[in-house]
Trainee: 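One structure follows; several queries about it will come next.
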Amino acid sequence: MQKEYLTIKDIYGPLVIVEGVEGVKYEELVAVELKNGDKRTGKVLEVDGDTAMIQLFEGTTGVDIYTSRVRFLGRGIQIALSEDILGRVFDGMANPIDDGPQIIAEKRIDINGDPINPYARDYPEEFIQTGISSIDGLNTLVRGQKLPIFSASGLPHNRLAAQIARQAKVRGSGEGFAVVFAAMGITFEEANYFISEFNKTGAIDRSVLFLNLANDPALERVATPRMALTAAEYLAFDKGMHVLVILTDMTNYCEALREISAARKEIPGRRGYPGYLYTDLSTIYERAGKIQGKTGSITQIPILTMPEDDKTHPIPDLTGYITEGQIILSRVLYRKNVLPPIDVLPSLSRLKDKGMGKDKTREDHADVNNQLFAAYARGKEAQELAVILGEAALSDIDKMFFDFANTFEMSYVSQGEYDDRSIEETLDLGWKLLSVFPTGELKRIRAEYLKKYLPKFKKEEAAAD
């Protein structure tokens, strides 16, 4: 039986200072019982000799320093897991909020998890289809990868997250596929949007949702992604499923981390964030991957809003160091009504080459990807030149690339919120767009692929004219 303490010394905001404690550990779970019988839960933030600093999840209102009893539970925060979590909606601390029953635990696991042995990791190779052309065609997502989306305030990253969650699938795989979705610091309206989207399309049946609202405690916000990843590890490595984890918004997570760091009176680092922000983020991102000898995998898509649209801000900067690329949303494209406004030129999936090719997507994928990217880049250069010199100064071929850039944005990058394109449809659309150019301009596609695929789309182009 745990020892009870009646030695609360001080209360500062959400923090409780308890003296005379023994054997207390950092991040240990704490139960506080008030005089009227109400119970609060907290976590140890700091231990200094026989003094412990605790932060309560529910706040300290009503806690009396003379009569409240404190018990240290000797363990960290745990989550109850079984296959019944699929199709359920939880708050940030894994309490059901969908009017369903409590989960009868097959096992309880500490949310901090165990690190994956680097030697036991398997290399990510299999393609995951999101149904979004600018990701599947140009910045291919691979099973076991961590590929963040860098957004900005006011851009439709939540809609993009919901679309990926609805449409994502592993092609040609007999194993189960699940989506674990964690939202941190969102509004009540946003929470309702996600729940209704998942229910409306039936995606909820293969999904687990963790929703932490903006008015929930900062400590809960820090626990939410770890709850989601622990659930994902259970489904992937215990149940052999392919799991896609979507975390939004990591900026809110980092703000909560900064708030807790300030409460602990730690010396701040860049922009007031704690000096261990890089290490803390890595404990989340590095929980993606595949393990040799195990069927399942965890693929991560963390979403963050860049404060002031600044890529050099500590959150996107450090995220970029840890993850394998980034998908960047553009305010310029959003103003043009290109949705989703994915800016393909600065976006990058460092593992895309591993997920392309015969038996994964299609043999011509890499060549079409390279040619589309090159043509779009040249078209954007032609548009910039036209701003300075006027369109009359462009050559005929430059005008073709100029027009191609606009067509590419409006028909390839832009697609409906419920438009789920297969990789074959995405590649065929790429060929259709490239068919307007003379064959001599398609220098990045091998001759055998030009011969095999191009005539069909050239005929369609001629028939349309």
Side-chain angles (χ1 to χ4, degrees), residues 26-27 43 76-79 81 90 92-94 109-118 121 124 141 143-151 157 161 164-165 178-186 208-212 216 218-237 243-261 269-270 273-291 296-306 313-327 350:
Y26 174 64
E27 290 204 336
K43 188 171 81 168
I77 303 171
Q78 295 180 332
I79 179 173
L81 293 170
F90 302 94
M93 291 300 292
I109 306 177
D110 189 296
I111 64 167
N112 291 303
D114 295 318
I116 299 175
N117 183 344
R121 282 184 180 270
L141 179 65
R143 188 161 68 86
Q145 184 179 5
K146 39 196 181 290
L147 184 64
I149 294 175
F150 289 4
S151 184
H157 46 270
I164 293 172
V179 175
V180 176
F181 187 93
M184 293 153 279
I186 61 171
V208 188
L209 275 66
F210 294 88
L211 304 177
N212 165 266
D216 289 331
L219 203 56
E220 180 180 310
R221 200 157 301 139
V222 171
T224 302
R226 291 177 170 82
M227 291 282 181
L229 285 163
T230 306
E233 286 166 352
Y234 168 78
L235 293 172
F237 305 133
V243 185
L244 175 63
V245 180
I246 299 174
L247 305 171
T248 181
D249 177 345
M250 289 304 295
T251 300
N252 292 336
Y253 169 85
C254 294
E255 294 291 346
L257 208 61
R258 179 163 68 174
E259 185 180 325
I260 292 169
S261 175
R270 290 167 61 190
Y273 293 95
Y276 51 81
L277 181 61
Y278 178 87
T279 308
D280 193 278
L281 286 173
S282 71
T283 63
I284 293 176
Y285 297 145
E286 290 297 345
R287 290 174 75 171
K290 294 165 60 185
I291 298 177
S297 64
I298 297 176
T299 308
Q300 266 191 45
I301 300 184
I303 299 172
L304 59 90
T305 48
M306 299 179 289
H313 186 278
I315 301 171
D317 187 33
L318 297 178
T319 295
Y321 280 119
I322 303 167
T323 54
E324 292 119 7
Q326 66 281 327
I327 304 294
R350 293 192 181 97

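If you read the sequence from its start, that first residue is 1, and numbering goes on from there. All values below were derived from every heavy atom in this structure, side-chain atoms included, with hydrogens, water molecules and symmetry-related copies excluded.
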Trainee: Counting N and O atoms only, with roles assigned by atom type, does the side chain of S297 sit under 3.5 Å from a partner on the main chain of G144, one being a donor and the other an acceptor?
Mentor: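 Side chain of S297 to backbone of G144, a donor-acceptor pair under 3.5 Å: no, none is there.
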
Trainee: Mind checking whether Y273 and H313 have parallel, tilted or perpendicular rings, split at 30° and 60°?
Mentor: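 Plane angle over 60°, so perpendicular.
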
Trainee: Carefully, step by step, assess T283 and R226 under the rule side chain to side chain contact (heavy atoms under 4.5 Å, CB included).
Mentor: CA-CA 9 Å; T283 63; R226 291 177 170 82; 3.0 Å; yes

Trainee: Might you point out which heavy atoms bring A182 and T224 nearest each other, and give the distance in Å?
Mentor: CB-CG2, 4.3 Å

Trainee: Closest heavy-atom contact between G92 and M227?
Mentor: O-CG, 3.5 Å

Trainee: Could you tell me whether Y321 atom OH has more than 12 heavy atoms of other residues or ligands within 6.0 Å of it?
Mentor: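 Not more than 12 within 6.0 Å, no.
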
Trainee: I need the minimum non-hydrogen distance between P274 and R258, along with the two atoms involved.
Mentor: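 In terms of heavy atoms, the two residues are closest at CD-CA, 4.0 Å.
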
Trainee: Less than 4.5 Å apart, side chain to side chain, heavy atoms only: is that true for L141 and I301?
Mentor: yes

Trainee: Of all heavy-atom pairs between M93 and A223, which one has the smallest distance, and what is that distance?
Mentor: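 Closest approach of M93 to A223, heavy atoms only: SD-CB, 3.9 Å.
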
Trainee: Taking the side chain from T319 and the backbone from P316, do they hold a donor-acceptor pair closer than 3.5 Å?
Mentor: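 No; zero donor-acceptor contacts below 3.5 Å.
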
Trainee: Tell me whether the count of non-hydrogen atoms from other residues, nucleotides or ligands lying under 6.0 Å of CG in N117 goes above 12.
Mentor: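 More than 12 within 6.0 Å, yes.
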
Trainee: Over all heavy atoms of both residues, which pair between K146 and T323 is shortest? Give the atoms and the distance, please.
Mentor: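 Closest approach of K146 to T323, heavy atoms only: O-CB, 3.6 Å.
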
Trainee: Which heavy atom of I246 sits nearest a heavy atom of A161, and at what distance?
Mentor: CD1-O, 3.7 Å

Trainee: Are the side chain of Q145 and the backbone N or O of T299 linked by a donor-acceptor pair below 3.5 Å?
Mentor: no

Trainee: In this structure, which one of D249, L247, D216, T248 forms a side-chain contact (heavy atoms from CB on, under 4.5 Å) with M184?
Mentor: L247

Trainee: Regarding Y253 and N212, do their side chains bring together a donor and an acceptor under 3.5 Å, going by distance alone?
Mentor: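 Note: Y253 and N212 side chains miss the donor-acceptor criterion.
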
Trainee: How about R287 and T230: does a side-chain donor come under 3.5 Å of a side-chain acceptor?
Mentor: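 A pair is found: one side chain offers a donor N or O, the other an acceptor, under 3.5 Å apart.
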
Trainee: Find the distance between CG (L318) and CZ (R270) and round it off to the nearest 0.5 Å.
Mentor: 5.5 Å

Trainee: To the closest 0.5 Å, what do you measure between CG (L235) and CD1 (I298)?
Mentor: 8.5 Å

Trainee: Within the structure provided, determine whether Y285 and P148 are in side-chain contact (heavy-atom separation under 4.5 Å).
Mentor: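 Side-chain contact under 4.5 Å: no.
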
Trainee: Looking at CG of L219 and CD1 of I77, how far apart are the two atoms once the value is rounded to the nearest 0.5 Å?
Mentor: 6.0 Å

Trainee: If you measure from CD1 on I315 to CZ on F150, what distance do you get to the nearest 0.5 Å?
Mentor: 10.5 Å

Trainee: Measuring only between side-chain heavy atoms, which start at C-beta, is E233 closer than 4.5 Å to D114?
Mentor: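 Side chain of E233 against side chain of D114, heavy atoms only: no contact under 4.5 Å found.
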
Trainee: Compare all side-chain heavy atoms of E286 with those of I116 and state whether any distance is below 4.5 angstrom.
Mentor: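 When only atoms from C-beta onward are counted, I116 and E286 do not touch, as no gap falls below 4.5 Å.
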
Trainee: Could you measure the distance from the CG atom of N112 to the CD atom of E27? Nearest 0.5 Å is fine.
Mentor: 5.0 Å

Trainee: Side-chain contact, heavy-atom cut-off 4.5 Å: L281 with M250?
Mentor: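 Side-chain contact under 4.5 Å: yes.
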
Trainee: Rounded to the nearest 0.5 Å, what separates atom CG in D280 from atom SG in C254?
Mentor: 7.5 Å

